[in-house]
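Everything below concerns the one structure shown next.
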Amino acid sequence: MNSDKLNMSLVALAVSLQLNSFGALAQDNVSAEKNLERIIVTAQRTAQNLEDIPDAISVIAGDELDKLNVANMFDLSDKVPGLVVSSVQGYRPSITIRGVGNEIPDNAGTKQAVAFHIDGIFMTNDYALWSDLVDIDRVEVQRGPDGTIYGNSSTGGAVNIVTSKPEVNDNSSFADFTFGQYDTMNFRSGVKVGLSDSVALSLSASHRQHDGYTKNLALNSNSQLDEKNDTTMRGQLLWQASDDLEFMLQYMRFSSDTNGPALKGNYDILSDDPRIVYHDTQEFYKLDNELLGLHLNYSFSDTLLKGAFSRQTYDMRRRLDMDRSSLTANDPAPIALADGELPYLLGQVPIQQFIGNLTQEDTSYTAEINLLSDYRDSDLSWSLGAFYLDTEIFSNTRNFFDADRDGETVNEVVKGPNIFVNNSDIDFINSDYRNFSSHSVFGQLTYALHDSLNLTGGLRYTKNTFADERCSLNCVPDRSPISSTPNNKTDNVTGRVAIDYRMNSNAMVYGSIATGVKPAGSNSSTDVRFFPEVFDQEKVTAYEVGNKGQYLDNRLRMNIAAFYYDYKDYLFESSGIGRFNSGASNLPKAEIYGVEFETLANITESLSVSANLTWMDSEIKQGRDAIDRAEAENASVGLIISGASKEQINAAREATAVDLTGNKLAKIPDFVANIRATHQYDLNNGAMIRSSLSYNFRGDYYARVFNSDNRDLVDSYSMVNANVVFFPAQGDWSAELNIQNLFDKNAVASRHTDTFGIGVTSAQYLPPRVVSVTAKYNF
C-alpha cells in the first residue's frame, strides 16, 4: 500500500471510529449526565481536592497517559498549560514552565528552574526526565515559583510523579505488550503483593524499543538515529510498623543505550527530507540513573511527620557529530564566495569535521523533613520543612576538529604536557569537578479569616554553596593543570502570600504573590565583557490571579489563571570574543505574562471533552551585549581561512555583539491549544469501546534570546492522535489501537545552536506517524 493510501486509510479509520461514537449519542436515550469526579492531589504535601487549592495545578491521571501518547515527561510537552520540554543536542532534557527553565544546560553545574520529584524525592539531574512513566498514579504540574512547600526551591514550578504504591491488602498485577511500526516492541508490568498484615511489596518494569525514525546515510543504509532502547525498573517495600508509623524503601533504575539523536543540521544539504541525515561520525548515547530512597510517615498529636531521603547516581556518555553533516574541507563550498564577502551561513565555506565527546557522572544525596498539621477541623493549618542537598559532578569534554582543513581523519589523541602542541586537532578540552550543597528551612500557614476567606503566607531561608575545580583548555588526562577554583556562597529569603475567596461551594477566586531564586554557578572560561567567571542567581517575582469552578451540576470544570512575572538576572548563554570562550551571563530585567484556561466537560454520560488553552508573551526590558556563536563564526571563518591575524579575527567576532533589549525570552509559545474528546460506547453484549481523539496546536517560539529567524524560530505545528480501547464483557484483558501523529506531520520539537564548536544549528523532530497495538492483561 502506498503512502497516500495509507494516510487515507488511517484517517478514515480514526474518523469512522469517532463518528460511530458520536452517532451512538443520537441513539442514547439515557438522560442522566455523569458528574465530574473529585481530583485528590498532594501538591501541598497533604491530600486535598484540586479545586480547593489556590494555585495553578494540572493533574494527569496515570490511565490518561496512554490516551495522550505519553511515555515520559518529554511527551507531555505542550500538553499541559505553560509546559515546554526540549533537549540540548538531543541528549539532555530541559523543562520549562511559563518560560522559566534552564537556558544554560550545557553547563553541568547549573540547576533546574523546575523542581522534578518522584514520590516527593527531588531528582537532582534533568536526565531523570527520560525515565518511563510506568505504573503511575498521577502526574502533578504546579506552575509558578515555590519555596514554602517543596524541599528544593524553584523559580518555574514543580512536577510531581506519584507512583502507584504497595498496599498490605492489595494483591494484583498487570502486563501489557505493544507491537507497531518501526519494529516497536514495548513491555510493561507491575506486581503488588501483600506479604503480611504489615508488609507489602510492589515491582514494576518497562522496556521500550523501536527502530530509528531517521536514516543516517553517511555511514550505511542501515544506520538509524532516534531509535529507542530504554529500560525502567522500580521496587517499593512498605512496612506499616504500627497504625501511626510506616516506612517505605524505594529503588529505581533507568538505562538507555542508543545510536544517538537525529539532529538535522542547518547545512546538511544532501537531502531536504527531515528523516534523512548525513552524519559521518559514529555516534552513541548511554545513560544510567539509579535512585535509592527511604520514606517515613509518622502521625502524632494531629501532626504528620514525613521524611524522604535519597542517594542518586547519574552516568551519561555521548559522542556527537558536531558539524551534523558529511561535508569535509575537501568538498567544494556549497555556495561560492564572492571576493571579500563574508559568508552568511557556515555551509557557504568548506566544512571542518567536528567531533564532540562528553561524559558526566553525578552522585547526590538529599534529605527532607516535613511537619504537617491536621487542617480538616481547624481554621489554621501549617507546615514546616527542612531540606538538604549535596551534589558532586564530574564532567569531561573532549572536542576535536579538522584544524588544518585537509579532510583527513581527525586526530582524537590527548597527550601532555602541552596537548595543543602534540595535537593541533584539539578544539576544546575541559575536565571539571563541581560540588554544590544547599540547606534550607521553610514553612507555610493558612488561616481562615472567614468561612469563605483564607489567607496563606510562607517564608523560606536558603543557603547555597558551590566550590568548583576546573581544568580547562590545556587539560591533560591526569587533570593538570587546574586552571581555576571558583566558589560562592549565597543566602536568600523567599516567600509567598495568597488569598482565596470561595464564592459558593463550587467556585473560588484567588490571588498570590510568590518569589523564587535559582542558584548561582561558575563558567569554565571567562570574558569580562560578555560573561563572568561566577554568574549571579536568578530571581523571579510572580503575580497571579485565578478562578476555579464547577458548573452545570458538576458536569463542567473550568479553571482560569492570569500571571505576570518580574524576572531579574535571567540566565542565558553568550559566546566570548575568543573561539574557545562561551559562558553564562545575566540579563538584568525581563517580564513574562500570560493567561491559561483549562476545562473538562461531561457532555453526556458517555462523552467528555477537555480543552487547555494558553496565551503567553515576554520581553527583555533591560538587556546587555551578547555574541551569538553562529554569527561570530560566520563573521570570522573567512578571515581564519585567509590567514588573518588574531586581532583581526577577534575584532570581527566582537563586532557581531548585539544588545538583547526588546527581544523575547526563550521557549514561550505565543499560543498553545489542546482539545480532546473521549467517548465510551457500550456494546449490546456488555463489552465496551472507549475512543479518544486529540488535537494539539503549539504556536511559534524562539529557542534562544537572540531571536534569530534563521536559527531560533521554532515553527508552529498541529498534530492529531487517536486512541481506541476494547474492553470485553468478561475477562481481565483489553486491546488497544494507538495512532500517533495521525497525519504524519514533520513537526519540529526544538532547535539548538551549539555554544561550542562552530555554532551549528540543528532541529529535533517529533516522531512521525506510528501505529501500534497493545494487549493488556490484569491478573
* To do: Could you go through the salt bridge (Lys or Arg N to Asp or Glu O under 4.0 Å) check for Lys667 and Glu103 one step at a time?
  => CA-CA 9 Å; Lys667 300 179 180 65; Glu103 292 312 305; 2.9 Å; yes

* Check the angle between the aromatic planes of His439 and Tyr388 and answer parallel, tilted or perpendicular using the 30° and 60° thresholds. =>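 Rings of His439 and Tyr388: tilted, as their planes differ by 30° to 60°.
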
* So does Asp243 have more than 12 non-hydrogen atoms from other groups sitting under 6.0 Å from CG? ->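 At most 12 heavy atoms, drawn from other residues, nucleotides or ligands, come within 6.0 Å of this atom.
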
* Is NZ or CZ of Arg143 both nearer than 6.0 Å to the six-membered ring centre of Phe563 and within 45° of the ring axis? ->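 No, cation not above the ring by the 6.0 Å, 45° rule.
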
Is the closest side-chain heavy-atom distance between [X] and [Y] below 4.5 Å?
X: Asp132; Y: Asn72; answer: no
X: Gln312; Y: Asp362; answer: no
X: Phe442; Y: Asn370; answer: yes

Are [X] and [Y] ion-paired here, with the side-chain N under 4.0 Å from a carboxylate O?
X: Asp617; Y: Lys664; value: yes
X: Lys165; Y: Glu167; value: no
X: Lys489; Y: Asp491; value: no
X: Arg676; Y: Glu64; value: yes
X: Arg98; Y: Glu544; value: yes
X: Arg690; Y: Asp63; value: no

Mark yes or no for whether [X], through its side chain, and [Y], through its backbone, hold a donor-acceptor pair below 3.5 Å.
X: Asn612; Y: Pro81; value: no
X: Thr599; Y: Arg557; value: yes
X: Arg698; Y: Ala749; value: yes

* **Residue pair Thr391, Leu389: steps toward the side-chain contact (heavy atoms from CB on, under 4.5 Å) verdict** => CA-CA 7 Å; Thr391 298; Leu389 164 67; 3.4 Å; yes

* In chain order, what residues pass the salt bridge (Lys or Arg N to Asp or Glu O under 4.0 Å) check against Asp135, with sequence neighbours excluded? ->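 For Asp135, no residue satisfies salt bridge (Lys or Arg N to Asp or Glu O under 4.0 Å) once neighbours in sequence are set aside.
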
* Quick one: CG on Leu83 to OG on Ser58, what's the gap to the nearest 0.5 Å? ->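 Atom-to-atom, Leu83:CG and Ser58:OG are 9.0 Å apart.
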
* Phe535 vs Ile104, side-chain contact (heavy atoms from CB on, under 4.5 Å): CA-CA, chis, key distance, verdict -> CA-CA 11 Å; Phe535 50 81; Ile104 46 174; 3.9 Å; yes

* **Gln236 versus Asp119, side-chain donor and acceptor atoms under 3.5 Å** =>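 Per modelled atom types, Asp119 and Gln236 side chains form a pair under 3.5 Å.
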
* **Centroid-centroid distance, Phe300 to Tyr298, less than 6.0 Å** =>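 Judged by ring-centre distance (under 6.0 Å), Phe300 and Tyr298 do meet the cut-off.
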
* Testing Leu587, Val100, Thr541, Ile620 for side chain to side chain contact (heavy atoms under 4.5 Å, CB included) with Tyr567, which one passes? ->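 Exactly one candidate clears the test, Val100.
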
* For Asp569, side-chain hydrogen bond (donor to acceptor under 3.5 Å, both in side chains) partners two or more places apart ->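 Testing Asp569 for side-chain hydrogen bond (donor to acceptor under 3.5 Å, both in side chains), a comparison that skips the adjacent residues, returns Lys539.
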
* **Worked verdict on Asn289 versus Met252 for side-chain contact (heavy atoms from CB on, under 4.5 Å)** => CA-CA 8 Å; Asn289 166 214; Met252 187 187 81; 3.9 Å; yes

* Asked: Looking at Lys548 and Asp55, what are the two nearest heavy atoms and their distance?
  ->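 Closest pair (atom of Lys548, atom of Asp55, distance): NZ-O, 2.8 Å.
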
